[in-house]
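Bear in mind that the values here come from a model prediction, so they are computed numbers and not experimental data. By convention in this document, chain letters (A, B, ...) are assigned in the order of the sequence lines, proteins followed by strands, and residues within each chain are numbered from 1.
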Amino acid sequence: GAGVSQSPSNKVTEKGKDVELRCDPISGHTALYWYRQSLGQGLEFLIYFQGNSAPDKSGLPSDRFSAERTGGSVSTLTIQRTQQEDSAVYLCASSLAGTGSFSYNEQFFGPGTRLTVL
Amino acid sequence: AQTVTQSQPEMSVQEAETVTLSCTYDTSENNYYLFWYKQPPSRQMILVIRQEAYKQQNATENRFSVNFQKAAKSFSLKISDSQLGDTAMYFCSEAGYRNSGNTPLVFGKGTRLSVIA
């Protein structure tokens, strides 16, 4: 079956512009995660969705970052007024429902979007 | 709070030899898993091996095995018979699980492994 897909694969933008990054999770996966991978850093968690709600937004670095998920499927990460420090690879992952199961559900990753802010 | 530390930014190994990547962690979760992910230049994160923290037996997947020392909070990855295709970034990570849901993965900064012919 199809895996997690992300678009665009690469995005180059100018400082101060807004960007939208898209994630299509695996069908049936109700949990969705966004991570950021900066140069020389590991992956850092940004936000987690369970269905359309985001119970954990603790990783969003500033109020310029927001995300939404509609129909329990596609998610969009929006960065407003981009800064050079936003340059990174943004990875999305999805998993089966994480609630009520008391077990770990494997996260499957997309190929990421490489964002370059000039 | 959860932290994962990988102290080896880069490593290299001769083809067919064995290499061990180190990882230590700290967590406040009672129930958690530990993982090693591989990230080749394609950027695709690939799960290599997982270890349930409540299991004492070390996980093994073909040429990959772990040495899990729970009291020491250590979780190293051993790659046997290294192959050129093993060249990649390797990330150690940890996540908790509860009835209310899984916690996000917490990653180390990675170890860049080069397998030399």
Point to revise | Contact summary for A:Val117 and A:Ser87, nearest pair of heavy atoms | key: N-OG, 2.9 Å
Check your understanding: Are any of the side-chain heavy atoms of A:Leu32 and A:Cys92 separated by less than 4.5 Å?
Key -> yes
Study note, to complete from the structure: Cut-off 4.5 Å, heavy atoms of chain A, and the answer for B:Ser93 is neither
Exercise for review: Would you mind checking which part of B:Arg50 comes under 4.5 Å of any heavy atom in chain A, side chain (CB onward), backbone (N, CA, C, O), both or neither?
Suggested key: side chain
Practice item. Please state whether the side chain, the backbone, both or neither of B:Gln6 comes within less than 4.5 Å of a heavy atom of chain A. Key: neither
Review point. So, A:Thr30 versus A:Gln50: side-chain donor-acceptor pair below 3.5 Å or not?
Key: yes
Check your understanding: Which bit of A:Phe108 comes within less than 4.5 Å of chain B, counting heavy atoms only: side chain, backbone, both or neither?
Key -> neither
Review point. Which atoms of B:Phe35 come close to chain A, meaning under 4.5 Å heavy atom to heavy atom: side chain ones, backbone ones, both, or neither?
Key: side chain
Exercise for review: With a 4.5 Å cut-off on heavy-atom pairs, point out which of A:Pro55, A:Gly59, A:Ser9 contacts chain B the most.
Suggested key: A:Ser9
Practice item. Using non-hydrogen atoms and a 4.5 Å limit, figure out which bit of A:Glu44 sits close to chain B: side chain, backbone, both or neither. Key: neither
Exercise for review: Go through the atoms of B:Leu105 and report whether side chain, backbone, both or neither lie under 4.5 Å from a heavy atom of chain A.
Suggested key: both
Point to revise | For the student: nearest non-hydrogen atoms of B:Tyr25 and B:Ser74, plus distance | key: CE2-N, 3.7 Å
Practice item. Search all heavy atoms of A:Tyr33 against all heavy atoms of A:Ser95 and return the closest pair with its distance. Key: CE1-OG, 3.9 Å
Review point. Would A:Gln107 and A:Tyr35 count as having a side-chain donor-acceptor pair, cut-off 3.5 Å?
Key: yes
